[in-house]
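These notes are about the structure you will find just below.
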Amino acid sequence: MKIIDLHHWVDEPSKAIEIQKSLASRIILEGKSNVRLTTIAGVDVSGVSSVGPVWAAAVVIKLPQFDIVERSFAVSTVNLPYVPGLLSFRELPVILEALKKLQTVPDLIICDGQGLAHPRFFGLACHLGLWVNLPTVGCAKSRLIGKAPDPNINAGDYELLEYKDRTVGLILRTRTRVKPVYVSPGHLIDVDGSRRVIMSCCNGRRLPEPTRLAHLAVNSYRKGKLK
DNA sequence: GCGACAG
DNA sequence: ATCTTGTCGC
């Protein structure tokens, strides 16, 4: 898979914030709504919160059967600790390394983190989308920013997430009576499209299958049980 | 000044 | 993210 290198990575938070501000206006919140999604990739990273080694996995599945089409992996070293709002600068480089090894070009990529629902409207999913020039969706397990009521208890129930007078995503109940997830557009997709993609990938689970499988894969890879 | 804070 | 005991369901 081809990756566009738009700039060098930094290890200084103030510089990272300036980069986010300059790139945020480039994300596109609409896509080709009539395109049917068949291959969807999930990416995930494993590693300690501070500086050190990190591992990444990308898993491509095919809908509606949820078959695994392809998996790829990468290892790297991060130079920036985990800082809320700057997750991209830890995780994106190693994610891109894993994606480069993919033979399949997926129709869309789901990230384990936020997209638009970010302090500077530029979370990991937005950042990744610009680099790979593909539709991306952020699906996080917890909140970073924004306000919304609690969604009802049934699978599919949701509430829009608002931040600084903008609708940045939604809180989505992917499974009945289970803690909801935080969904937001990354690139080339809007809020409602993001919701439909995530719901169609969940298959009765709390997390979308691409994300769940990438999480399992990256941990096996880290332990040396997969390559 | 005080909390909140993706992974 | 990481750590950790117990419980539930197939």
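In the text below, chain A, chain B and the rest are named by the order of the sequence lines, each starting its count at 1.
Note: CG (A:Leu161) to P (B:dA6) measures 13 Å, nearest angstrom. If you take NE2 of A:His118 and P of B:dA6, they are 11 Å apart, rounded to a whole angstrom. Between the NZ atom of A:Lys223 and the P atom of C:dT2 there is a distance of 10 Å, given to the nearest Å. Atom pair A:Ile95:CD1 and B:dG7:P shows a separation of 12 Å (rounding to whole Å applied). The CZ atom of A:Arg222 sits 12 Å away from the C1' atom of B:dG7 (whole-angstrom rounding). Taking atom CD1 of residue A:Ile145 and atom P of nucleotide B:dA6, one finds them 11 Å apart after rounding to whole Å. Counting to the nearest Å, the P atom of B:dA6 and the OH atom of A:Tyr163 are 13 Å from each other. The CD-P distance, from A:Gln114 to C:dA1, rounds to 14 Å in whole Å.
Remark: A:Lys100 engages A:Glu97 in a salt bridge, criterion side-chain N to carboxylate O under 4.0 Å. Salt bridge annotation for A:Arg36-A:Asp107: absent, with no cationic side-chain nitrogen under 4.0 angstrom from a carboxylate oxygen.
Aromatic rings from A:Phe89 and A:Trp9 are positioned such that their centres are separated by under 6.0 Å.
Close to B:dG7, at under 4.0 Å from its OP1 or OP2, lies a side-chain N or O of A:Lys141.
Nearest nucleotide to the side chain of A:Ser142, out of C:dA1, C:dT2, B:dG7: B:dG7.
Of the residues in residues 78-89 of chain A, those placing a heavy atom less than 4.0 Å from an atom of DNA chain B are A:Tyr82, A:Pro84, A:Gly85, A:Leu86, A:Leu87, in numerical order.
Enclosure of atom NZ in A:Lys101 by more than 12 non-hydrogen atoms of other residues, nucleotides or ligands within 6.0 angstrom is indicated.
Residue contacts shown for A:Arg143 are limited to sugar-phosphate atoms, with no base heavy atom under 4.0 Å away. Contact annotation for A:Leu124: base contact, defined as any heavy-atom pair under 4.0 Å involving a base atom. When heavy atoms are screened at a 4.0 angstrom cut-off, A:His215 is found touching the sugar-phosphate backbone but no base atom.
Remark: side-chain polar atoms of A:His118 are paired, donor with acceptor, to backbone N or O of A:Gly85 under 3.5 angstrom.
When A:Leu172, A:Thr211, A:Leu170, A:Ile171 are each tested for a side-chain contact (heavy atoms from CB on, under 4.5 Å) with A:Val181, only one passes: A:Leu172.
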